[in-house]
Amino acid sequence: MLSKSSFLKKRLKKELTVLGNASCLLAGATYMDIHQAGGGINFTVERTRQASEDELFSSFQQRLQCMMRAGTTLVECKSGYGLDLETELKMLRVIERARRELDIGISATYCGAHSVPKGKTAKEAADDIVNNHIPKLKELGRNGEIHVDNIDVFCEKGVFDLDSTRRILQSGKDTGLQINFHGDELHPMKAAELGAELGAQAISHLEEVSDEGIAAMATARCSAVLLPTTAYMLRLKQPRARKMLEEGVIVALGSDFNPNAYCFSMPMVMHLACVNMRMSMPEALAAATINAAYALGKSHSHGSLEVGKQGDLIIINSSRWEHLIYQFGGYHELIEYVIAKGKVVYKK
């Protein structure tokens with residue numbers, strides 16, 4: 001007779017084979033249920049390793065174009081579905097190709113510490129990243145082959161603990177990468193406190209952040225990148241946006257586009273932030289523009305319409321800008337033009 005836990009894992013493995021991660025989530029499984037059944041990141045890693053660069057670029061280009069049509073002109077793109085050096089570099093080369101060839105602005109993030117690879121401990125994975133991955137990134141960056149802006153770690157119970165996270169992030173920072181990492185998502189890890197201590201540019205998720213972590217982030221001017229789609233899809237408690245705003249944290253919004261949160265639309269993200277996190281519409285707009293640019297270290301050049309900044313904007317067919325947020329899912333009818341670097345990149 002199978003225990004409840006064994007039965008759930010067996011059922012999930014069957015559903016993963018047939019339907020993939022998203023269907024398991026929609027059927028009620030938790031993120032860690034899927035991860036432990038061999039799905040989640042592991043499911044995507046296998047397929048990313050099998051794919052060619054051209055295949056990855058083709059799907060990547062289509063997704064970026066969908067984001068652009070929804071009004072996005074600057075996007076953070078992460079690796080993290082390779083976990084071995086070869087595949088992480090393959091992903092970063094694809095991101096670099098998109099950065100050079102496409103109209104949308106890209107901030108590239110190395111996320112080799114997205115999960116602990118099968119057959120390794122977290123310490124062994126951290127050793128590999130610090131001793132092999134990061135030095136290779138530095139070499140390729142110096143040669144002009146790829147450009148990486150940020151370093152990310154999934155600091156989480158059962159993944160990378162606080163000590164391993166500190167070691168990886170500090171190593172990346174020492175090579176010139178901005179720290180922008182997953183923290184305090186599923187369990188309280190004191191990741192916010194660590195990020196503030198290390199001088200992180202931003203920390204994402206933060207559903208389980210402590211009061212002390214919020215205060216530390218405010219003092220350190222470390223941005224909180226809140227992800228309403230993730231809390232919605234994974235049925236997590238909502239990040240405490242109001243507490244963060246009241247404490248003076250720079251709150252940004254992101255889509256967290258990935259197999260668990262398949263959302264191209266920042267207008268929908270802003271809508272969810274207003275409804276579920278009780279942000280006002282002006283707060284959500286600032287969080288999706290100037291504060292999001294700050295989270296990527298680009299608020300000097302992006303995120304607002306000012307003399308000397310890049311000419312990124314959208315033109316909507318509406319008497320009031322608030323309709324971009326108010327009309328849930330209605331952005332397709334509202335957005336007439338998307339302009340990036342002063343050039344029309346989308347016209348309805």
Side-chain angles (χ1 to χ4, degrees), residues 22 25-26 61-76 102-105 204-205 207 223-242 244-245 250-296 302-306 309-348:
L25 283 169
L26 293 171
Q61 182 178 26
Q62 291 170 5
R63 291 163 185 169
L64 290 174
Q65 287 170 343
C66 288
M67 291 177 184
M68 199 160 56
R69 288 195 292 270
T72 292
T73 55
L74 174 66
V75 60
E76 180 195 9
L102 305 182
D103 292 316
I104 196 166
S204 57
H205 290 286
E207 287 84 354
S223 177
V225 182
L226 306 185
L227 308 166
T229 50
T230 306
Y232 169 71
M233 278 295 293
L234 299 185
R235 302 178 179 89
L236 305 176
K237 73 180 186 183
Q238 296 292 326
R240 292 186 291 158
R242 292 252 51 90
M244 295 179 197
L245 289 164
I250 299 166
V251 172
L253 290 172
S255 67
D256 197 28
F257 177 86
N258 76 91
N260 289 330
Y262 210 92
C263 177
F264 297 117
S265 167
M266 284 303 295
M268 292 183 75
V269 168
M270 289 188 282
H271 181 100
L272 288 172
C274 292
V275 173
N276 291 335
M277 300 195 302
R278 290 169 168 70
M279 294 176 72
S280 69
M281 284 195 278
E283 286 169 342
L285 180 66
T289 55
I290 188 65
N291 291 359
Y294 178 90
L296 297 176
H302 294 72
S304 58
L305 293 175
E306 299 179 54
K309 284 194 174 184
Q310 187 162 299
D312 289 3
L313 62 143
I314 65 171
I315 298 173
I316 64 172
N317 181 16
S318 176
S319 59
R320 297 177 62 108
W321 68 264
E322 289 93 340
H323 276 267
L324 191 65
I325 300 173
Y326 169 65
Q327 293 188 23
F328 186 49
Y331 62 90
H332 289 296
E333 295 302 316
L334 292 173
I335 296 174
E336 296 279 343
Y337 296 92
V338 179
I339 298 167
K341 303 176 187 175
K343 170 187 172 184
V344 175
V345 295
Y346 169 71
K347 178 181 178 181
K348 191 171 80 170

Colleague: Once you round to the nearest 0.5 Å, how far does CG of N276 lie from OH of Y232?
Modeller: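 Answer for the CG-OH pair, N276 versus Y232, is 9.0 Å.
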Colleague: Calculate, to the nearest 0.5 Å, the distance between atoms OG1 and CG belonging to T73 and D103 respectively.
Modeller: 11.0 Å
Colleague: Taking the side chain as every heavy atom from C-beta outward, state whether Q61 and L64 have any atom pair closer than 4.5 Å.
Modeller: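 The answer is no; the side chains never approach within 4.5 Å.
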Colleague: Taking the side chain as everything from C-beta on, heavy atoms only, tell me whether L324 gets closer than 4.5 Å to S318.
Modeller: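 They are not in contact (no side-chain heavy atoms under 4.5 Å apart), so the answer is no.
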Colleague: Of the non-hydrogen atoms in S255 and M266, which two are nearest, and what is the gap between them?
Modeller: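 Smallest interatomic distance, heavy atoms only, reads N-SD, 3.8 Å.
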Colleague: Are V75 and R63 packed together at the side-chain level, in the sense that at least one heavy-atom pair is separated by less than 4.5 angstrom?
Modeller: no
Colleague: If every non-hydrogen atom of T229 is compared with every non-hydrogen atom of A261, which pair is closest and at what distance?
Modeller: OG1-CB, 3.9 Å
Colleague: Could you tell me the separation between the NE2 atom of H302 and the NZ atom of K341, rounded to the nearest 0.5 Å?
Modeller: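 Interatomic distance, H302 NE2 to K341 NZ, rounded to 0.5 Å: 7.5 Å.
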Colleague: Would the distance check show the side chain of N260 and the main-chain N or O of N258 forming a donor-acceptor pair, the cut-off being under 3.5 Å?
Modeller: no
Colleague: Given side chains that start at C-beta, do those of E336 and N317 come closer than 4.5 Å, heavy atoms only?
Modeller: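 In contact.
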Colleague: Identify the two heavy atoms, one from H205 and one from T230, that lie closest to each other, and give their separation to 0.1 Å.
Modeller: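 Reported closest heavy-atom pair: CE1-CG2, 3.7 Å.
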Colleague: Report yes or no: does S223 contribute a side-chain atom to a donor-acceptor pair with the main-chain N or O of I250 at less than 3.5 Å?
Modeller: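 Between the backbone of I250 and the side chain of S223 there is a qualifying donor-acceptor contact (under 3.5 Å).
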Colleague: Please determine whether side-chain contact (heavy atoms from CB on, under 4.5 Å) holds for the pair Y346 and I335, giving the CA-CA distance in whole Å, both sets of side-chain angles, and the decisive distance to 0.1 Å.
Modeller: CA-CA 9 Å; Y346 169 71; I335 296 174; 4.3 Å; yes
Colleague: Give the intermediate values and the outcome of side-chain contact (heavy atoms from CB on, under 4.5 Å) for residues V251 and M277.
Modeller: CA-CA 12 Å; V251 172; M277 300 195 302; over 6 Å; no
Colleague: What I'd like to find out is whether the side chain of R69 reaches to under 4.5 Å of the side chain of C66, using heavy atoms alone.
Modeller: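 Touching, per the 4.5 Å side-chain cut-off.
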Colleague: Distance from L245 atom CG to E283 atom CD, nearest 0.5 Å?
Modeller: 5.0 Å
Colleague: Working to the nearest 0.5 Å, report the span between CE of M268 and CD of Q327.
Modeller: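 The CE atom of M268 sits 12.5 Å away from the CD atom of Q327.
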Colleague: S204 vs L227, test: side-chain contact (heavy atoms from CB on, under 4.5 Å). Steps then yes/no.
Modeller: CA-CA 7 Å; S204 57; L227 308 166; 4.1 Å; yes
Colleague: Ignoring hydrogens, what is the shortest heavy-atom contact between V269 and G254? Give both atom names and the distance.
Modeller: CG1-O, 3.5 Å
Colleague: A70 and Y331: which non-hydrogen atoms are nearest, and at how many Å?
Modeller: CB-CE1, 3.5 Å
Colleague: Is any side-chain heavy atom of L74 closer than 4.5 Å to a side-chain heavy atom of Q310?
Modeller: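 No, side chains not in contact.
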Colleague: Rounded at 0.5 Å granularity, tell me how far NE2 in H323 sits from CE in M281.
Modeller: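 H323 atom NE2 to M281 atom CE measures 8.5 Å (nearest 0.5 Å).
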Colleague: Does V345 reach the side chain of M68, with side-chain heavy atoms less than 4.5 Å apart?
Modeller: yes
Colleague: State whether the side chain of R242 and the backbone N or O of R278 hold a donor-acceptor pair below 3.5 Å, judged by distance alone.
Modeller: yes
Colleague: With a 4.5 Å heavy-atom cut-off, do K348 and E333 have their side chains touching?
Modeller: yes
Colleague: What is the minimum heavy-atom distance between P239 and A231, and which atoms define it?
Modeller: CD-CB, 4.2 Å
Colleague: Quick one, F257 with Y262, criterion ring-ring contact (aromatic ring centres under 6.0 Å, His included). Give me CA distance, side-chain angles, the key distance, then yes/no.
Modeller: CA-CA 5 Å; F257 177 86; Y262 210 92; 4.7 Å; yes
